[in-house]
Amino acid sequence: MKKLAVFLCSMALVTVGLGDALAAPQFVTVGTGGVTGVYYPTGGAISKLVNKKRKEYNIRMTVESTGGSVFNVNALMNGDLEMGVVQSDLQYQAYKGLGEWEGKPQEKLRAVFAIHPESVTLLAAADKNIKSVADLKGKIVNIGAPGTGQRVNATDLFRTAGIDVDKDLRAEGIKPSEAASMLQDNRIDAYFYTVGHPNGSIKEAVAGARKVSFVPVADELVQQLVKEQPYYAPSVIPVAHYPGVANTEDVSTFGVKATICTSADVPEDVIYTITKEVFENIEDLRTLHPALAVLTKENMLQGLSAPLHPGAEKYFKEAGLLK
Ligand code: GLU
């Protein structure tokens with residue numbers, strides 16, 4: 001009886017000890033965008049890298065398809081996500097309390113690192129003869145579902161072009177994963193997608209039976225947008241990526257950068273570990289999606305406006321990327 005008691009006691013001690021060593025894993029969900037975008041596979045690639053070492057790191061990453069940048073900021077701030085992909089323009093607006101967050105700065109928003117550039121991409125059915133933003137008047141235009149970055153960019157563009165979204169056209173709020181087929185099915189005339197190039201969803205959109213073209217944003221409009229908003233930059237969509245598209249020349253527009261954000265509430269060691277893992281495997285990341293091919297350790301520190309999360313900052317200093 002005594003022996004059994006001693007045995008049970010020592011088992012209990014062993015169990016407690018083990019419990020300590022195997023502290024509860026840290027769960028990190030990364031919010032992305034629609035399944036046909038670039039955010040979703042990128043979030044998947046980062047999760048896969050980190051999960052490979054889950055025994056060592058005790059971090060479990062999962063990727064979630066979401067509404068996009070605006071949704072991700074809000075979900076980070078209310079604790080539903082630990083990481084999220086956010087357009088650089090929306091990172092800026094959220095932290096400063098502008099636009100969607102007018103008067104409500106999201107003070108806990110933190111930048112981790114930047115990823116690929118994104119172009120505000122306007123696609124239109126060639127049979128609708130849409131050659132400029134002004135030609136969208138009277139048309140059925142998907143400006144993007146609420147929560148997406150493209151909805152904000154399309155709204156900015158229309159304001160700059162002096163077009164009233166409510167009166168001058170029929171605006172739709174369709175998810176990016178459905179827009180391409182709706183354009184092919186003649187249910188919309190055009191749609192906006194702020195996205196990295198090249199990408200599969202636009203390849204599909206321009207390769208259907210209905211001829212599709214990219215609509216350029218006129219230089220004057222781009223200049224005005226860049227002048228008014230520090231986070232916009234001129235950008236070009238190379239048509240060579242898109243067999244079947246009606247354009248013969250590269251398309252000028254404006255763009256932003258995709259960035260990875262988190263909240264000040266996420267522990268330093270978690271963000272440090274994830275940042276380090278990504279930067280040490282940047283070669284892998286570059287080959288995982290063609291839109292990520294341009295990534296360098298240096299450009300992954302550009303386009304961030306919210307304060308750096310201390311975990312990311314620690315890694316960047318250690319790696320000599322930051323003084
Ligand atoms: N830029 C888009 C957004 O913020 C998402 C693009 C993507 O999923 O690749 O909503």
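Atom set for the values below is all heavy atoms of this structure, side chains included, hydrogens, waters and symmetry mates excluded. Every number for a ligand or one of its atoms is a count from 1 in the order of the listing.
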Number the atoms of ligand 1 from 1 as they appear, then name those within less than 4.0 Å of a heavy atom of [X], with their elements.
X	answer
Gln150	2 (C), 3 (C), 10 (O)
Glu118	1 (N), 6 (C)
Gly37	7 (C), 8 (O), 9 (O)
Val195	9 (O)
Gln87	1 (N), 2 (C), 3 (C), 4 (O)

Geometry only, no angles: is [X] polar-contacting ligand 1 at N/O separations under 3.5 Å?
X	value
Gly149	yes
His116	no
Thr194	yes
Thr148	no

Considering non-hydrogen atoms of the protein only, which is the closest contact for [atom], and what is the distance?
atom	value
atom 4 (O) of ligand 1	Ser69 OG, 2.6 Å
atom 9 (O) of ligand 1	Val38 N, 2.6 Å
atom 5 (C) of ligand 1	Tyr39 CE2, 3.5 Å

(message) Are Leu90 and Leu81 linked, directly or through intermediate hydrophobic residues, by side-chain heavy-atom contacts shorter than 4.5 Å (ILVMFWY only)?
(response)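 The answer is yes; both residues are in one hydrophobic cluster.
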
(request) Heavy atoms only: give me the nearest Gly173-Pro146 pair and the separation to one decimal. (result)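 Here Gly173 and Pro146 meet closest at O-CD, 4.3 Å.
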
(message) Ignoring hydrogens, what is the shortest heavy-atom contact between Tyr95 and Pro105? Give both atom names and the distance.
(response)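 Closest pair (atom of Tyr95, atom of Pro105, distance): O-CB, 3.3 Å.
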
(request) Please collect all ring pair (Phe, Tyr, Trp, His ring centres under 6.0 Å) contacts where either partner lies in residues 128-155, sequence neighbours excluded, each pair once. (result)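 As it turns out, there is no ring pair (Phe, Tyr, Trp, His ring centres under 6.0 Å) pair with a partner in residues 128-155 once direct neighbours are skipped.
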
(message) Give me each pair satisfying ring pair (Phe, Tyr, Trp, His ring centres under 6.0 Å) with a member in residues 256-297, each pair once, sequence neighbours excluded.
(response)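 For residues 256-297, and leaving out neighbouring residues, the ring pair (Phe, Tyr, Trp, His ring centres under 6.0 Å) pairs sorted by first residue read Phe113-Phe279, Phe279-Tyr315, Phe279-Phe316.
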
(request) Say whether Asn72 and Ser69, considering side chains only, have a donor N or O and an acceptor N or O under 3.5 Å apart. (result)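 No, because no side-chain N or O of Asn72 sits under 3.5 Å from a partner of the opposite role on Ser69.
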
(message) Under a 3.5 Å threshold, yes or no: a donor from one side chain and an acceptor from the other, between Asn51 and Arg60?
(response)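 Result is no, nothing qualifies.
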
(message) Is there a side chain to side chain donor-acceptor pair (under 3.5 Å) between Glu118 and Tyr39? Walk through the geometry before answering.
(response) CA-CA 11 Å; Glu118 300 186 275; Tyr39 288 7; 2.6 Å; yes

